[in-house]
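Owing to the predicted nature of the structure, the values given are computational and were not obtained by experimental measurement. Position 1 is the first residue of the sequence, and the numbers go up from there.
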Amino acid sequence: MRKLLNTLYVTSPDTYLSLDGENIVILKNEGAKIRVPLHNLESIVAFGYTGASPALMGTCAEKGIGLTFLTQRGLFLARVSGKIRGNVVLQAAVPHCR
């Protein structure tokens with residue numbers, strides 16, 4: 001059975017996402033604003049000019065936590081995702097199952 005997890009939405013402009021142990025730290029104006037444990041998250045969506053540390057991006061990829069960057073208006077910029085799960089051959093043979 002799949003555990004339902006949360007999505008973290010970062011909507012405050014000019015923030016920086018960092019990794020501290022097993023926590024994501026949202027920094028604004030050189031100070032820690034909020035800490036969220038990674039084990040509670042399935043994905044992170046960041047709006048506006050938001051930076052992320054390479055350590056956080058790598059950990060998100062390893063743990064299968066989607067990290068998506070969007071413009072302030074919600075247009076797609078980039079996404080960090082981990083390894084593809086499931087049978088890749090089957091997914092290629094049946095494209096509508098993705």
Do Leu8 and Leu70 sit in one hydrophobic cluster, given that two such residues count as connected whenever their side-chain heavy atoms are within less than 4.5 Å of each other, even indirectly? no
So, using side chain to side chain contact (heavy atoms under 4.5 Å, CB included) as the criterion, who are the partners of Asp20 when residues are at least two apart? Val25, Arg35
Check: Thr15/Lys33 side-chain N/O donor and acceptor closer than 3.5 Å: no
With a 4.5 Å cut-off on side-chain heavy atoms, are Leu67 and Leu17 touching? yes
Give me the atom names and distance for the closest heavy-atom approach of Phe69 to Thr50. CE2-O, 3.7 Å
Donor-acceptor list for residues 72-82 side chains, cut-off 3.5 Å, not counting sequence neighbours:
unit_1, atom_1, unit_2, atom_2, d
Arg79, NH1, Thr68, OG1, 2.9

Do Ile24 and Met57 share a hydrophobic cluster (ILVMFWY, side-chain heavy atoms under 4.5 Å, transitive)? yes
Would a distance-only check, ignoring hydrogens and angles, find a side-chain to backbone donor-acceptor pair under 3.5 Å from Thr59 to Leu56? no
Quick check on the hydrophobic clustering: are Ile26 and Leu19 connected, directly or via other members, by side-chain heavy-atom contacts under 4.5 Å? yes
For a quick check under 3.5 Å, do Ser18 and Ser53 share a side-chain donor-acceptor pair by atom type? no
Within one Ile-Leu-Val-Met-Phe-Trp-Tyr cluster: Ile44 and Tyr49, side-chain cutoff 4.5 Å: no
